[in-house]
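Just so it is clear: chains get the letters A, B, ... in the order the sequence lines come, proteins before strands, and each one is counted from 1. A quick note: this is a predicted structure, and the numbers were derived from the prediction, not measured.
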Amino acid sequence: MEPISGAYDPKTTEAELYKKWEASGYFNPDNLPVSQTKNYVVYMPLPNVTGTLHMGHALNNSFQDIVIRSHRMRGYRTLYLPGTDHAGIATQFVVEKKLKKEGINKFDLGREKFIGKIWEWKNEYGNIIYDQLRKLGVSCDWSRVRFTMDENYAKDVKKAFVHYHDKGLLYRGYRTVNWCPRCGTSLSDLELEYKEEQSKLYYIHYGPFTLATTRPETKFGDTGLAVNPKDGRYKDYVGKELEIESLSTEGSLDVPAKKKNKIIVVADDAVDMEFGTGIVKVTPAHDLVDFEIGTRHNLPLVQVIDETGRMTERAGKYAGMKTAEAREKIVEDLKATGLLEKEEEYAHNLAVCYRCGHAIEPIPSKQWFLKMDSLAKTALESVKSGRVKINPENFEKPYTAWLENIKDWTVSRQIWWGHQIPVWFCKNQKEFEIKNQKSNLKNEEGYVVSMEKPEKCPFCKTCEMEQSPDVLDTWFSSALWPFAGLSESDLKKYYPGTTLITARDIINLWVARMIYSGTEFMGQEPFRNVLIHGTILTKDGKRMSKSLGTGIDPLKYIEQFGADATRFGIVWQATGQDIRWDETAITAGKKFANKIWNASRFVLTQIGDELFPTNIPEPKTEADKIILEAFTKVKESSVRDIDAFEFSKALHDLYDFFWHDFCDVYLETAKLQAADDATKTSTKHMLVFILRESLKLLHPFVPFVTEEIYQRFPFPEKKVFLMVETLV
RNA sequence: GGGCGCUUAGCUCAGCUGGUUAGAGCGACUCGUUUACACCGAGUAGGCCGGGGGUUCGAAUCCCUCAGCGCCCACCA
């Protein structure tokens with residue numbers, strides 16, 4: 001090792017080393033010279049191809065690489081499975097936005113060409129992501145990299161759909177669903193976000209009652225009134241059909257008018273007696289709760305808002321208005337006709353699309369739903385039984401809470417980018433006319449659920465059947481990630497996995513769904529441990545996100561300080577709580593890499609070409625004894641901490657040992673001991689031993705600098721890479 | 001409305017199955033260029049551990065309460 005330069009320069013080492021590692025084939029567990037019995041498998045939480053990786057991904061992948069590298073060095077057959085997610089709505093949205101800037105509208109392009117554009121995007125960003133991961137130094141098996149829309153993966157997705165359908169868990173229904181008018185698609189409950197909104201609570205005269213609503217524009221879709229069954233105030237009205245005076249949809253917009261309607265009063269537990277006047281209008285078509293009330297009491301479904309968020313013909317003279325506009329006009333007219341009693345300021349949470357932020361409009365729509373009862377039970381049992389451990393345990397709560405109150409999952413989406421559902425329609429069968437909200441359509445619509453397009457249409461016997469244009473919720477396919485697209489032999493060898501490391505925001509969206517999917521299709525849970533780590537926030541405690549402009553590309557740090565320093569800085573801070581990002585930790589990492597480099601230069605210069613056995617040296621002096629004891633202690637604790645997912649603690653202890661015990665104290669003493677013939681050889685032996693073993697312990701955290709030094713290390717029986725050395 | 005978490009040095013955080021002078025990184029200050037490293041070494045300063053109450057021989061650590069901050073879930077229209 002040339003003693004010339006003082007400072008360690010990651011630029012001259014990292015890229016080269018990564019190439020060598022990759023070329024060695026050791027990222028692929030099939031090539032590891034290890035026992036065939038002990039597996040350690042990590043399925044990478046697949047980054048979305050919506051853009052590039054940020055610090056959160058860097059944290060996530062640093063953690064995963066630590067457990068992988070640590071176990072690889074402990075003789076496990078380690079697989080770190082990489083990939084990316086097509087991320088349906090999210091990716092479609094960003095590409096739409098990009099095209100819009102170029103003046104292109106997706107409808108002008110048409111479905112096929114638009115999807116082509118998304119593929120171009122995917123290829124570009126997918127590659128950037130893989131490059132970022134390589135630069136970070138993560139040791140995943142690139143020979144097995146998958147994308148959720150790969151051919152084999154897509155096949156497994158279809159298979160799952162057909163399986164659920166054949167099992168009776170997947171059904172088509174006409175129901176009120178969450179709808180994003182901007183994206184033009186249905187959304188699941190988990191794809192909503194809530195934004196606090198200052199709005200008004202309107203008290204409207206409704207026959208003999210006054211009731212409170214925030215959405216007067218939906219009133220033309222009201223098909224009932226509901227009260228709590230225990231509410232004595234309205235007892236006598238329950239079950240009665242009343243004639244009430246309300247706003248007319250007829251005539252001119254300039255002349256507000258009233259007309260008489262008939263409406264039924266029902267009693268339902270969902271009604272809160274304390275809120276407003278304790279009586280509520282039921283609009284089954286435009287409110288999810290109302291839909292349920294409507295279903296329970298057989299109330300008709302009247303749609304007054306369409307897929308674009310505008311009032312339908314049923315709203316008469318208000319038709320064509322956007323809901324916000326209609327609300328304003330209707331409130332005005334209610335006032336004019338004396339139907340509005342009062343309005344109050346009211347803060348409430350507005351549901352918005354988690355991708356584009358547009359307000360959600362519940363509307364009735366024909367969709368595919370997955371029955372969740374039995375699957376949720378499966379996922380609950382996996383955790384309750386301890387077969388899957390969630391760490392920290394606190395996160396079991398949101399997991400079980402969600403599963404215990406689950407509703408059926410709307411899995412179909414009306415976008416273009418995604419897995420088109422394997423449903424085939426007869427072209428000649430007239431679509432069944434929906435008369436009400438009843439969801440048991442049977443198969444009067446003329447469709448077939450099957451992997452392949454049926455050769456002959458079973459309905460008309462003549463047509464070329466047409467595939468449904470709907471695609472699947474992107475989470476339907478990512479739920480299959482631990483096994484979809486893997487070869488038979490890989491499934492045998494690498495399923496189930498060991499540890500899943502992820503952030504808390506997708507515990508239900510993804511983790512729960514992987515657990516029941518794995519159990520459903522593979523017969524056992526996809527992993528034993530789930531580690532939920534903190535989120536990286538900005539220095540002032542805000543969420544790091546690209547859309548807020550607060551995100552940071554880890555490459556910025558890697559280029560400036562090196563991957564080791566970046567990983568160090570992240571892990572150093574990632575103690576379990578959310579992290580208010582502090583760049584100085586990376587400075588510390590850079591200094592530490594340099595410290596390791598220089599201490600190694602010193603040791604290697606000391607020993608020259610001399611070879612020392614790899615065994616534990618006999619301590620000859622007090623200093624020898626102290627350093628050996630300290631080493632043994634940190635070796636045990638750091639491995640234990642890694643297994644307990646206490647990466648930051650392990651790193652702090654290793655840092656402390658290496659810098660202070662080894663460098664500050666022992667190295668200085670060793671200089672004296674090496675000058676004394678009586679202890680010269682034993683001291684060098686000790687130096688080499690402690691250094692080499694420390695490099696092994698440090699390698700999972702700072703893989704590059706440790707490997708670079710190891711490559712220059714003279715000792716017998718050396719392996720080709722530190723990466724596959726044995727951490728005994 | 002429910003759940004979870006946080007409040008410790010100037011900054012970012014450890015410590016919290018209770019026990020000698022409360023730690024780290026970064027920053028500040030003082031010395032130091034003896035042949036690994038100035039991306040260094042030896043030191044120093046800086047904290048009534050958010051407020052109040054309680055349990056205990058003893059609490060940053062356990063309990064209660066108040067205040068502030070953050071996140072998640074939820075069918076108060």
In the structure shown, which nucleotide is the Watson-Crick or G-U wobble counterpart of B:A36, with both distances under 3.5 Å?
-> none
Determine the contact category for A:K407: base if any of its heavy atoms lies under 4.0 Å from a base atom, sugar-phosphate if only primed atoms, P, OP1 or OP2 are that close, otherwise nothing.
-> sugar-phosphate
How close or far is atom P of B:A38 from atom OH of A:Y8, stated in whole angstroms?
-> 17 Å
Between B:G43 and B:G18, how far is it from one C1' atom to the other, in whole Å?
-> 33 Å
Describe the nucleic acid contact of A:L667 in one word from base, sugar-phosphate, nothing, applying a heavy-atom distance below 4.0 Å.
-> base
Please work out if A:A212 contacts a base, only the sugar-phosphate, or nothing of the nucleic acid, heavy-atom cut-off 4.0 Å.
-> base
Take atom P in B:G19 and the same atom in B:G32, then report the distance between them in whole Å.
-> 41 Å
Among the candidates B:C39, B:C26, B:A24, find the nucleotide nearest to the side-chain atoms of A:T584.
-> B:C26
At under 4.0 Å, does any side-chain N or O of A:W572 touch on OP1 or OP2 of B:A14?
-> no
So, the side chain of A:H57 versus the backbone of A:H54: is there a donor-acceptor pair under 3.5 Å, distance only?
-> yes
Would you verify whether the NZ or CZ of A:K342 falls within 45 degrees of the ring axis of A:Y203 while also being under 6.0 Å from that six-membered ring's centre?
-> yes
Rounded to whole Å, the CG-P distance (A:L604 to B:U35) equals 20 Å
For A:K397 and B:G5, is the shortest distance between a side-chain N/O and OP1 or OP2 below 4.0 Å?
-> no
Rounded to whole angstrom units, what separation is found between the CG atom of A:D578 and the P atom of B:C6?
-> 11 Å
Interatomic distance at P, B:G15 relative to B:G2, whole Å | 30 Å
With respect to the phosphate group of B:A14, does any side-chain polar atom (N or O) of A:T575 fall under 4.0 Å of OP1 or OP2?
-> yes
Provide, to the nearest angstrom, the distance between the CZ atom belonging to A:F561 and the C1' atom belonging to B:C26.
-> 12 Å
Does any nucleotide pair with B:C76 by Watson-Crick or G-U wobble geometry, both distances under 3.5 Å, and what is it?
-> none
Say you pick atom P in B:C57 and the same atom in B:C11; how far apart are they, in whole Å?
-> 38 Å
May I ask you to say what A:T587 touches in the nucleic acid, namely base, sugar-phosphate or nothing, with a heavy-atom cut-off under 4.0 Å?
-> nothing
Across the strands shown, which category fits A:D290 at heavy-atom distances under 4.0 angstrom: base, sugar-phosphate, nothing?
-> nothing
Side chain proximity check, A:N178 to A:L288, heavy atoms < 4.5 angstrom = yes
Given B:C76, B:G25, B:C37, the nucleotide with the shortest approach to the side chain of A:D272 | B:C76
Base-pairing assignment for B:A42 (Watson-Crick or G-U wobble, both under 3.5 Å) = B:U30
With a 3.5 angstrom cut-off on both distances, give the Watson-Crick or G-U wobble partner of B:U7, or none if there isn't one.
-> B:A67
A:F602 ring centre to A:K671 NZ or CZ under 6.0 Å, with the angle to the axis within 45°?
-> yes
Side-chain N or O of A:N594 less than 4.0 angstrom from OP1 or OP2 on B:C40?
-> no
In the structure shown, which nucleotide is the Watson-Crick or G-U wobble counterpart of B:G19, with both distances under 3.5 Å?
-> B:C57
Would you please confirm or rule out a distance under 4.0 Å between OP1 or OP2 of B:G70 and any side-chain N or O of A:K542?
-> no
Hey, could you give me the NZ/OH distance between A:K696 and A:Y710, rounded to the nearest 0.5 Å?
-> 7.5 Å
Does the B:A14 base have a donor-acceptor partner in the side chain of A:Q577 within less than 3.5 Å?
-> no
Calculate the interatomic distance between A:R601 atom CZ and B:C40 atom P; express it in whole Å.
-> 14 Å
Taking it one step at a time, do A:N261 and A:S246 satisfy side chain to side chain contact (heavy atoms under 4.5 Å, CB included)?
-> CA-CA 7 Å; A:N261 284 89; A:S246 74; 2.8 Å; yes
So do A:T502 and A:H533 actually touch side chain to side chain, heavy atoms under 4.5 Å?
-> no
B:A24 OP1/OP2 closer than 4.0 Å to side-chain N/O of A:K649 = no
Between A:I579 and A:A599, which is nearer to the 5' end of RNA chain B once each is assigned its nearest nucleotide?
-> A:I579
Under the 6.0 Å and 45° cation-pi test, does A:R175 pair with A:F369?
-> yes
Counting side-chain heavy atoms from CB outward, which of B:G41, B:C39, B:A36 is closest to A:F602?
-> B:A36
Given the P atoms of B:G51 and B:A60, what is the spacing between them in whole Å?
-> 11 Å
A:E668 CD to B:C40 C1', straight-line distance once rounded to whole Å = 10 Å
In whole angstroms, the gap separating P of B:C76 from CG of A:N228 amounts to 14 Å
Taking atom C1' in both B:G1 and B:A24, what distance in whole Å separates the two?
-> 41 Å
Take A:G576 and A:H348, find for each the nucleotide of RNA chain B with the closest heavy atom, and name the residue whose nucleotide sits nearer the 5' end.
-> A:G576
Over how many whole Å does the gap from A:H660 atom NE2 to B:G23 atom C1' extend?
-> 12 Å
Would you indicate what A:F592 reaches in the nucleic acid, counting non-hydrogen atoms under 4.0 angstrom: base, sugar-phosphate, or nothing?
-> nothing
Between B:U55 and B:C64, how far is it from one P atom to the other, in whole Å?
-> 15 Å
Taking B:G41, B:C4, B:C39 as options, the one with an atom nearest any side-chain atom of A:N394 is B:C4
Applying the side-chain contact (heavy atoms from CB on, under 4.5 Å) test to A:V271, which of A:I279, A:D231, A:L225, A:V280 qualifies?
-> A:V280
Regarding the side chain of A:R580, the nearest nucleotide among B:C13, B:C76, B:G27 is B:C13
Between B:U65 and B:U61, how far is it from one P atom to the other, in whole Å?
-> 16 Å
Which part of the nucleic acid does A:R504 contact within heavy-atom distance under 4.0 Å: base, sugar-phosphate only, or nothing?
-> sugar-phosphate
What does A:E292 touch in the nucleic acid at a heavy-atom separation under 4.0 angstrom: a base, only the sugar-phosphate, or nothing?
-> nothing
